[in-house]
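Presented below is the structure to which this report refers.
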Number of protein chains: 2
Amino acid sequence: MIHDDATEAVFPIRVVAEKTGINPVTLRAWERRYGLVRPQRTAKGHRLYSEHDIHTITRILELLQQGAAISRVKDMLEESDTGHAPGALPHEPGTEGARTEVWTEHLRRMVTAVSAFDERALEATYSEAISVYPVDLVTRLLLEPLLHELTVRWEALPHAEAERRFLQGYLRNKLGARFHYQSLQSSGARLLLAGLPGEHVETPILMLALAVVSAGYRAILLGADCPLEVLEHACARADAAGLVVHADLLLPQQLLGQLRQLSETLPCPVFVGGNCTGSQRTALQDAGLIVLDADAAGTLQALRNALPAPD
Amino acid sequence: MIHDDATEAVFPIRVVAEKTGINPVTLRAWERRYGLVRPQRTAKGHRLYSEHDIHTITRILELLQQGAAISRVKDMLEESDTGHAPGALPHEPGTEGARTEVWTEHLRRMVTAVSAFDERALEATYSEAISVYPVDLVTRLLLEPLLHELTVRWEALPHAEAERRFLQGYLRNKLGARFHYQSLQSSGARLLLAGLPGEHVETPILMLALAVVSAGYRAILLGADCPLEVLEHACARADAAGLVVHADLLLPQQLLGQLRQLSETLPCPVFVGGNCTGSQRTALQDAGLIVLDADAAGTLQALRNALPAPD
DNA sequence: CAACAGTTGTATAATTTTTGTATAAATAAT
DNA sequence: ATTATTTATACAAAAATTATACAACTGTTG
């Protein structure tokens, strides 16, 4: 499939600026300073951007949103173009421990933003946090407490269901983008991942998926509230090295029985994560499942123990 | 189908100017400077435009509308005429026919990728398409047909539920990221957006949300399967200028009644999108709802009619 | 902790290009 | 004879170009 680039490049810089939200000055600065994008030129030197260039800009925007430095974006683009994979984003093994008031302040602002349905304020706080702290930390000390705090609050105020939905939409998009990005980079064994029947909330599943992916495995997401029969079929068809299920709620006895049966049937190990691992740990282990603890390190360890290490 | 151009070429330049809204001076400048349009001439050199010429001008106008530079438009027209090579932007059904095999090929590859649970292959195809064609076109000619094709297929093969979930996860992340990004840019009136009770699929809602946002409004997403009471509360609390609900399935009579009541209660207009607008259009209109057609242009028009234009 | 250098988005200035429109002189149409 | 259309030249506003500068941050180093 051959394209004549010259004939595709039609958009002047102003249009591109409007389409992408990037100031023309900035676009030129990126090109001059980092060689980013480099569109066609007319005989007189005016820039003509193609659809492909615009797509590149959106990719840049995605990377920036994940906290990448603009000066390093070019390499990342090239790496992901040449197919083979880079180590994703800089994760500083930070030495930050307490400083809890920072987080409670962020938390407070995010709660306020949610009750005003103000996505921009939500984003502002989140991206402020993400620009200071590594992603994992923000997830663990901000997003998870936020979800927890609001869940508690909503139980007392049932009419605030809309706010819960709003926040979940935001988090789903946010975590989903991160998962998607990391997913394309990962290359280890394939793990199926789904929420058990009755679990309708997606965000904790996405968090678990992120942990799995950043442990070096590939994750195939099958979403929330997934029937066990589907998982059984999918394991075979997808040639999965393992199955990870998620449950926050208490599992009924019947489901536990079905899970035991499933883990005996399947040729691959079955892991379980989520809050149910606290209260029902032994029951789950008796059913032949491998319990994933809430912390990332423990999750990684458990996966590595039961599976060949991915790298 | 060959026409005798001479018999069709009858419109003097002034008439064409009136029909198209383009100043005669400008029409001549386009012809002189870029070789655009070139109508027949009388023996003494007066321009005589044919119906086809006028159609060409319409196409030019569409391209300009999408931001193409006038100096580049000629190449694009020629490209899409020679059928080969992607005319980047043209949205007209007339010239799409010749290029459908591009889309069926992409479609085929995506179907294959889904049944192999291969996110990277999925991404590769999608990203190739998106780098050549504008987002809207890819959504309309690739993603929507893909969803439709696989839905049909899954009805015949119920065991492939896992594949459906896999694809929906992918699309949700993809569309969600786009929505999130656009959302932060948008600044118009706020519209609440949700799937009606019984509608569990998120992707069509996200597509509708993207249309709303690119029409210049802000969208507050409340997710799929949303109870009407939640919407009623949320409209007040979020100070929304409108409510958009989505439904692909047929709406039961009871829900129609509740919708009528809702639209009478709320101070803002209520819009409805999705496949149900085809079969239940009049019933929905009787209930006081404003129907959003499937195409983006119609959606935009309907929103603008009922709300103050955002920009 | 202060000083310094690097990063990065924006701003400004001086020029040039693009693009729609205006004008003039000549010819054609009605 | 009056009204249109044509070509060619000209003009002006909008938009693009490069180059330089700057402000707000970042991180490093003494």
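A, B, ... follow the sequence lines: proteins, then strands. Residue 1 opens every chain.
- In this structure, H52(B) and H55(B) have tilted ring planes: the angle between them lies in the 30° to 60° band.
- The phosphate of dT7(C) (OP1 or OP2) has no side-chain N or O of Y34(A) nearer than 4.0 angstrom.
- Partners of E31(A) according to the side-chain hydrogen bond (donor to acceptor under 3.5 Å, both in side chains) rule, which considers only residues two or more places apart in sequence or in another chain, are R41(A), R47(A).
- With rounding to whole Å, R14(B) atom CZ is found 10 Å from dT6(D) atom P.
- A straight line from CH2 of W30(B) to C1' of dT6(D) spans 19 Å, rounded to a whole angstrom.
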Quick test: give all pairs of protein nitrogen or oxygen and nucleotides 10-16 of chain C nitrogen or oxygen below 3.5 Å, distance rounded to 0.1 Å.
residue, atom, partner, partner atom, Å
dT10(C), OP2, T26(A), OG1, 2.7

Is there a salt bridge (Lys or Arg N to Asp or Glu O under 4.0 Å) between R218(B) and E119(A) once you walk through the steps?
-> CA-CA 10 Å; R218(B) 275 185 291 180; E119(A) 181 160 359; over 6 Å; no
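- Nucleic acid contact for P12(B): sugar-phosphate only, since backbone atoms but no base atoms lie under 4.0 Å from a heavy atom of the residue.
- For CG of D75(A), the number of neighbouring non-hydrogen atoms (other residues, nucleotides, ligands) closer than 6.0 Å is greater than 12.
- Remark: C1' of dT8(C) and CG of L27(A) are 14 Å apart, rounded to the nearest angstrom.
- Checked for salt-bridge contact, R108(A) and E105(A) meet the test: a charged N lies under 4.0 Å from a carboxylate O.
- Atom P of nucleotide dT7(C) and atom CG of L36(A) are separated by 15 Å, given to the nearest angstrom.
- A donor-acceptor pair shorter than 3.5 Å cannot be found between the side chains of D53(A) and T56(A).
- Between S71(A) and dG6(C) there is no side-chain N or O to OP1 or OP2 distance below 4.0 Å.
- For the ring pair (Phe, Tyr, Trp, His ring centres under 6.0 Å) test, residues two or more places apart in sequence or in another chain that qualify with H180(B) are Y170(A).
- For the pair R47(B) and I13(A), both in contact range of DNA chain D, the more 5′-proximal nearest nucleotide belongs to R47(B).
- Residue R72(B) contributes atom CZ, which lies 16 Å from atom P of dT17(C) at whole-angstrom precision.
- Phosphate proximity of dT18(D) to R41(A): present, with a side-chain N or O under 4.0 Å from OP1 or OP2.
- Atom CD in E31(A) sits roughly 17 Å away from atom P in dT8(C) (whole-Å rounding).
- The CG atom of L64(B) sits 9 Å away from the P atom of dT19(C) (whole-angstrom rounding).
- Look at R28(B) and you'll find a side-chain N or O under 4.0 angstrom from OP1 or OP2 of dT6(D).
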